[in-house]
Amino acid sequence: MHLWGEGCDYLYSNSVLLKPLAWTEPLAKLRDKITAATGYSFRIVIGNQYRSGQDSIGWHADKESSMGIEPAIASISLGSARKFQLKPIGGKPTDFWLEHGSLLVMLPGCQTTHVHQVPKTTKFVTTRINLTFRPHVGGKF
Ligand SMILES: O=C(O)CCC(=O)C(=O)O
Ligand SMILES: [Fe+2]
């Protein structure tokens, strides 16, 4: 897992303290393209690698207070397509198939009303990289 951004540490999932690397040109370009397409701005990006179908992320909402209230989060998927599930808290999941090059935007409010996950799969899948662009209100975390 890696973090790029501006001078701010980030406590991922209340457990992993990430120190930001400087924005690279390709990541900064991608960030600006997503901002142009969505109208939302982002100060950090977290990169997660899923090496195989055994790598996954369980049900959660991204609620780190460093993102401020009701953040918009933009997610770019690269490599093998994986299933992404979104469900209202206490409700039924909707499945999304996140293909190489896809952009998924979780709008403000989504982290309060919904949870999401990328489940394990027994299908043969190779590496997938997910980039989540997030706001950051500054301060230590
Ligand atoms: O890999 C994905 O599509 C989702 C990743 C995610 O939910 C997260 O990093 O918080
Ligand atoms: Fe998430």
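Atoms within each ligand, like the ligands themselves, are counted from 1 in listed order.
- Of all protein atoms, those that are N, O or S and lie under 2.8 Å from the Fe ion (ligand 2) total 3.
- Residues Q54 and T121 approach most closely at NE2-O, 3.9 Å, considering heavy atoms.
- For the residue pair N48/H2, the side-chain donor-acceptor check at 3.5 Å is not satisfied.
- Protein residues with a heavy atom under 4.0 Å from ligand 1 are Y12, N48, Y50, I57, H60, D62, F84, L98, H116, V118, R128, N130, R134.
- When only modelled atom types and interatomic distance are considered, T94 and Q85 share no side-chain donor-acceptor pair under 3.5 Å.
- No cation-pi contact links R82 to W97, judged by a cut-off of 6.0 Å to the six-membered ring centre and 45° from its axis.
- Remark: of the listed residues I57, L98, D95, L98 is the sole one forming a side chain to side chain contact (heavy atoms under 4.5 Å, CB included) with F84.
- E99 and S102 get closest at one heavy-atom pair: O-OG, 2.8 Å.
- For the residue pair T126 / S80, a side-chain donor-acceptor distance below 3.5 Å is found, with atom types taken as modelled.
- A cation-pi contact links R128 to Y50, judged by a cut-off of 6.0 Å to the six-membered ring centre and 45° from its axis.
- Residues T35 and F133 are not in side-chain contact: their nearest non-hydrogen atoms beyond the backbone lie 4.5 Å or more apart.
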